[in-house]
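The residues of the chain are indexed from 1 along the displayed sequence. Side-chain atoms are counted along with the backbone in the values below, which use heavy atoms only and exclude waters and symmetry mates. Start at 1 and go down the list; that is how both ligands and their atoms are numbered.
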Amino acid sequence: MIKGSCCCEAVKFELLVKPSMMGTCHCSRCRKVGASTIVFVKREDLKWIQGKEHVALYQPAPPYKYGRCFCNMCGTSLGEILSEEDSFPIAANVFDTEFDLKNQFHEFVAEKPSWYEICDSAEQSEGHPKSS
Ligand SMILES: [Zn+2]
Ligand SMILES: [Zn+2]
């Protein structure tokens, strides 16, 4: 069981299995909400422990379409944890349990600030991996 929680621990959940993939997005929006490194989880593997009512959603104006969830008490970024999709990204920062998964890609590296240096050998794409 992999445990996840926000900074103030109002929000707690578990994953029944290890996430399938980890990647890092260097776009300004992921950077500003503090959710650049994400893991992909299946909705059926996510088990809520407490605090779902504390999860707020910021839905940006088009053309941006990805909703950003966060704890309404402490502001911890939670990725798309309220998504109704079968699989969705969660911020990798929120896990309390260690698991064996390494970053597998970097996307939107064209928007990466110069102070952040990529120090792994994961695949890089200028924008979204699927469109480049
Ligand atoms: Zn919190
Ligand atoms: Zn991004």
ask   = So do F40 and I90 actually touch side chain to side chain, heavy atoms under 4.5 Å?
value =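 SC-SC contact between I90 and F40 ruled out.
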Residue pair M21 / F105, side-chain heavy-atom distance below 4.5 Å =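 Yes - at least one pair of side-chain heavy atoms lies under 4.5 Å apart.
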key: Residue C30, metal the Zn ion (ligand 2), N/O/S under 2.8 Å   =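 Under 2.8 Å: C30 contacts the Zn ion (ligand 2) through an N, O or S atom.
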inquiry  = Does Q50, at its CD atom, have more than 12 non-hydrogen atoms belonging to other residues, nucleotides or ligands within less than 6.0 Å?
reply    =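 More than 12 heavy atoms, drawn from other residues, nucleotides or ligands, come within 6.0 Å of this atom.
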Check: T24/S36 side-chain N/O donor and acceptor closer than 3.5 Å =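 Side-chain D/A pair, T24 to S36: absent.
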inquiry  = Inside 2.8 Å of the Zn ion (ligand 1) but strictly below it, how many protein N/O/S atoms are present?
reply    =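 Count of protein N, O, S atoms less than 2.8 Å from the Zn ion (ligand 1): 4.
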inquiry  = Given 3.5 Å as the limit, does a donor-acceptor pair link the side chain of E111 with the main chain of S28, or not?
reply    =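 Judged by distance alone, yes, a pair lies under 3.5 Å.
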ask   = So is R43 actually on top of F88's ring, under 6.0 Å and inside 45° of the axis?
value =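 No, R43 does not lie over the aromatic ring of F88.
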